[in-house]
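Note that the structure is predicted; figures quoted are calculated from it, not measured. All chains are named by letter (A, B, ...) in the order of the sequence lines, taking the proteins before the strands, and each is independently numbered beginning at 1.
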Amino acid sequence: MNALMPILVLSTSLVPAIAIFFVAEEQQRLRTAINLAGALCKLALVAVMLGGVAWGATYETRVPLLPGLDFLLRVDALALLFITLSAFLWLLTTIYAISYLGDGPHLSRFFGFFSLCVAATTGIALSGTLITFFMFYELLTLSTWPLVVHLGDKASMAAGRKYLAYTLAGSAALLLGMVWLESLSGPIEFAVANDIAKLDQTSLRVIFFLLIAGLGVKTALLPLHSWLPAAMVAPAPVSALLHAVAVVKAGAFGIVRIIYDVYGIALVNELSVGLPLAVLASITIVYGSLRALQQTEIKRRLAYSTVSQVSYIVLGASIFGPFATIGGLVHIVHQGLMKITLFFCAGAWSERLHVYKIDQLNGVGRLMPWTGVAFSIGALGMIGLPPIAGFVSKWYLGIGGIQAGQPWVVAVLLTSSLLNAAYFLPLLYRAWFLPPTIAAEPGRERKPWLIAPAVITAAASLGVGVLAGLAFSPLGWATLIVERGYGP
Amino acid sequence: MSLESDLLAPGIPWVVYAIAIPLVAALAAIVLGMRAARLALPAAAAACVAALLVVAQVYAHGTLEYAIGGWSPPLGIKLRIDGLSASFLVCTAIVVSAIAVYSRPLFGSGDARETRAGFAFWPLLFFAWAALNVLFSSADLFNLYVALELLTLSAVAMVALDGKADSLVAAMRYLLFALFGSLAYLLGVALLYGAHGALDMQLLRAAAGEDGVTLAAGALITAGLMAKTALFPLHAWLPPAHAGAPAPASALLSALVVKGSFYLIVRLWFDVLPMAGTVAVTQLFGAFGAAGIVIGSWLALRQARLKMIVAYSTVAQLGYLFLMFPLAGGAVGAQPWAASAWTGGIYHALAHAPAKAALFLAAGVMMKAVGHDRLSGLVGIARDMPLAAFAFGLGAVSLMGLPPSGGFTAKYLLLTAALASGQWWWAAAMIVGGLLAAAYLFRVLNRFLQEPDDPPMREPAPRGPQVVALVLAGISILMGLLSHFPYHLLQIGRSVAAAEGLS
């Protein structure tokens with residue numbers, strides 16, 4: 001059973017993906033049923049595994065590809081952190097997408113690739129060897145592209161080209177780094193100690209640079225970030241998925257794996273490549289916030305906010321110390337919950353009120369109160385207001401910085417929080433305190449499946465902050481990961 | 001004795017059946033004329049079974065040898081089947097069978113039966129298949145020459161099948177290149193026979209030294225085979241010929257026919273004249289390969305017609321095959337990474353076959369619906385024929401070398417060997433080639449997904465041919481996930497002596 005579990009959890013997304021491709025366009029109920037069945041099965045399996053892993057079980061599926069080179073799916077605590085997030089948000093995003101897209105064109109194609117995208121994310125989380133990781137990482141690139149170009153118009157195709165140009169160049173760097181490393185040391189497996197410290201230090205540094213550059217594209221690290229705001233032309237559920245679960249998180253998760261499971265934080269420290277990465281992440285954090293401030297479109301502002309927020313994870317991972325690591329890991333979940341809330345709300349506004357720009361936001365809080373409250377919770381959390389999730393991440397990152405003897409991290413966090421406030425508070429002010437400028441009729445929120453997901457994720461962002469002290473909260477789980485050998 | 005061990009006993013010459021069934025089918029197709037299409041599927045199924053039995057036999061017993069008529073070389077002719085032969089036999093069986101299924105409605109019914117194409121297609125397909133099977137299992141250089149000629153002539157005729165002026169010009173050019181290749185090959189073989197009095201590969205390997213005649217013969221044979229494989233700079237005939245032929249013929253030519261002559265080059269340099277592979281020679285091979293990758297991909301990027309893009313892609317993909325020579329050939333053959341490089345090169349040739357066939361077959365479906373294959377006409381075609389578009393996409397993944405696919409596994413093996421051996425320039429060529437492939441293939445896929453401004457009315461495409469293309473594309477993907485078995489099959493009787501496994 002333990003050998004079957006990773007395959008099962010992967011198939012809960014992969015099988016629906018393949019099945020949906022063959023569902024006729026007009027069979028909406030069947031498509032919805034397959035989607036939701038997959039998502040619910042996945043949540044059930046995740047619940048079982050959470051219990052198992054907490055008590056020390058491991059689940060492993062190994063298929064040999066070439067002599068010495070294995071396709072390995074393995075559930076460890078870190079994998080489960082990511083899978084739980086993606087399983088939960090997949091369910092909500094699917095519900096949201098069904099309502100958002102209504103009976104638009106090419107829905108079987110859309111939901112097929114949507115599920116494939118989630119399957120790839122699950123595979124990335126489960127990967128136990130570097131080659132397995134690379135396989136799913138590329139599957140993610142390929143399955144996301146049809147979603148980005150879903151509308152098929154000129155702007156979408158251009159965004160799709162940009163997305164591919166960035167991500168495929170990133171893949172080439174990642175592939176080169178991986179093959180170079182494995183040609184020196186043999187195939188890399190995450191869970192076992194990889195004896196690469198004896199290799200030539202210069203090579204190791206160059207390989208580290210290649211790997212991070214390859215992963216940095218999806219993470220939207222400066223200067224590899226500009227595909228992300230461009231990809232905003234995609235439908236709102238796609239943006240939500242890209243920004244909260246799938247693409248940027250896959251990159252950040254990969255960086256965590258490279259630092260902790262391929263090199264080891266001690267070796268990263270010894271090669272002194274951690275500090276430059278932390279500095280780059282900090283620059284990205286501030287730069288992303290500054291650019292967000294300049295945007296006039298809601299979705300583009302949120303996009304630059306993602307550029308900034310995802311680098312918190314990289315910052316936490318690259319600083320040498322347990323608290324910073326916990327802060328980075330927990331932000332994988334926290335940023336996902338808050339950012340998806342914001343995108344759900346932005347999508348609901350554009351769908352129900354045709355509001356796209358910030359200066360159209362006047363009074364929408366009163367027109368759509370549930371959405372307004374959800375958005376406010378997400379935005380305040382991003383700023384770092386206690387007790388919402390974002391505060392917990394920032395607190396741990398700050399303490400981690402001081403612990404590691406890098407007090408400038410606190411300055412970066414404070415600057416970023418001020419900037420966050422500067423670009424989110426005007427939105428809240430307009431939404432709640434200015435009179436509506438658009439003619440509004442009641443019943444704007446009478447499409448419950450478009451509104452409920454945002455309310456649920458907003459409640460969750462609040463909940464994981466308030467209940468952070470529990471063992472099964474994201475913070476408790478991140479602490480468990482660090483206790484099990486992620487710390488220095 | 002169980003049924004299984006009875007069936008797979010090394011004494012049963014299943015390989016002779018694998019050769020004889022397509023040969024008999026080809027002759028029968030001539031006799032049957034317009035009714036030949038009915039014979040196609042049973043014959044293909046039978047030949048497939050024979051090829052699979054050969055694989056099982058090799059897996060169970062190792063390299064097999066049969067002396068035809070009981071006469072051993074140097075008097076008689078020998079068939080020798082190792083893992084390499086068996087892999088190509090089964091790859092051919094799968095791709096040709098798929099082409100046969102795809103072609104039945106095209107060349108087997110209605111008006112098509114009355115045309116020259118409908119009459120000639122089936123004998124040519126089965127002759128080519130028989131020739132390929134001889135090629136992959138014979139150990140005698142002259143016997144190989146006969147197979148090579150049969151293959152070339154069927155292939156040239158297939159290019160000319162529709163009888164249009166363009167196709168005839170392309171076929172003529174192909175014929176000239178191929179005849180030059182045959183002459184050079186034959187001359188080389190004659191020189192070898194004169195110097196060593198043998199045509200059997202193993203006898204020649206024992207007899208041949210580093211004398212001038214042997215090396216000159218090797219060079220002649222290689223040049224001839226390179227012309228037939230369309231290795232850069234002898235590639236000019238390939239794109240018009242492969243793009244001009246009817247889709248199933250294009251699939252056969254690009255997926256398999258060029259691999260036949262490539263296979264012989266591998267046999268020559270690894271089995272017959274391993275000592276001739278000096279650093280200069282193998283690096284030259286690599287340079288031709290790398291140039292083919294870059295120039296072929298660049299030209300593919302500049303084409304306006306779908307089938308021309310796919311055909312230039314073949315020029316580029318064939319380039320990868322020749323990177324195995326600097327990484328595994330000659331003096332470096334004893335290095336630990338040579339094993340991965342050799343397997344990677346062969347795996348690339350095998351994985352390219354179903355992927356490229358899928359692309360041509362999908363292109364054929366689209367061309368039939370649209371009436372032409374200019375890219376501008378293909379906008380939004382994913383809506384009308386999603387299966388064909390999906391098949392094209394999956395095949396493209398393998399050609400780009402993205403995981404999971406056979407193309408990726410091959411590239412991984414070649415890349416590891418290139419970096420482990422310090423020959424980083426070949427790794428660079430492969431990475432650049434992968435990016436260029438992504439550029440020219442996504443250029444096509446972009447059109448498929450784009451929404452047309454005014455949706456054209458297209459006749460609905462039949463599902464059957466699309467499914468065939470999808471199955472082939474699926475095989476090229478599965479080759480990346482289930483690489484364990486083919487990897488071990490290829491090691492059976494492998495001539496490069498090196499430690500197994502990745503360094």
*Asks:* Just to be sure I understand the criterion: a residue of residues 388-397 of chain B counts if one of its heavy atoms is under 4.5 Å from a heavy atom of chain A. Which ones qualify?
*Replies:* Phe390(B), Val397(B)

*Asks:* Do Met178(A) and Tyr412(B) have side-chain heavy atoms sitting under 4.5 Å apart?
*Replies:* yes

*Asks:* Mind checking which of residues 162-175 of chain A sit less than 4.5 Å from chain B, heavy atom to heavy atom?
*Replies:* Leu164(A), Leu168(A), Ala169(A), Ala172(A), Leu175(A)

*Asks:* Calculate, to the nearest 0.5 Å, the distance between atoms CG and OG1 belonging to Leu402(B) and Thr141(A) respectively.
*Replies:* 8.0 Å

*Asks:* In this structure, are over 12 heavy atoms from other groups packed under 6.0 Å from Arg374(B) atom CZ?
*Replies:* no

*Asks:* Do the side chains of Trp180(A) and Trp424(B) get nearer than 4.5 Å, heavy atoms only?
*Replies:* no

*Asks:* Regarding His106(A) and Glu451(B), is there a side-chain donor-to-acceptor distance under 3.5 Å anywhere?
*Replies:* yes

*Asks:* Please tell me if the side chains of Pro146(A) and Leu449(B) come closer than 4.5 Å, counting only heavy atoms from C-beta onward.
*Replies:* yes

*Asks:* Is it the backbone or the side chain of Leu435(B) that comes under 4.5 Å from a heavy atom of chain A, or both, or neither?
*Replies:* side chain

*Asks:* So for Leu142(A), is it side chain, backbone, both, or neither that comes closer than 4.5 Å to the heavy atoms of chain B?
*Replies:* side chain

*Asks:* How about Phe22(A) and Leu387(B): do any of their side-chain heavy atoms sit closer than 4.5 Å?
*Replies:* yes

*Asks:* Is Leu482(B) close to chain A through its backbone or its side chain, or both, or neither, when contacts mean heavy atoms under 4.5 Å?
*Replies:* neither

*Asks:* Does any part of the side chain of Leu69(A), heavy atoms only, come nearer than 4.5 Å to the side chain of Tyr487(B), both counted from C-beta?
*Replies:* no

*Asks:* If you define the side chain from C-beta out and look only at heavy atoms, does anything of Leu419(B) sit under 4.5 Å from Leu176(A)?
*Replies:* yes

*Asks:* Quick check: does any side chain N or O of Ser483(B) sit under 3.5 Å from a backbone N or O of Leu65(A), one acting as donor and the other as acceptor?
*Replies:* yes

*Asks:* Tell me if the CG atom of Asp200(A) is crowded by more than 12 foreign heavy atoms within 6.0 Å.
*Replies:* yes

*Asks:* Checking heavy atoms, do the side chain of Tyr137(A), its backbone, both or neither come under 4.5 Å from chain B?
*Replies:* neither

*Asks:* Above 12 or not: heavy atoms from other molecules or residues under 6.0 Å from OH of Tyr59(B)?
*Replies:* yes

*Asks:* Can you say whether Leu151(A) sits under 4.5 Å from chain B via the side chain, the backbone, both, or neither, judging by heavy atoms?
*Replies:* backbone

*Asks:* So which heavy atom on Gly152(A) is nearest to which on Gln450(B), and how close?
*Replies:* O-CG, 3.7 Å

*Asks:* Chain A heavy atoms under 4.5 Å from Ile431(B): which part of the residue, side chain, backbone, both or neither?
*Replies:* side chain

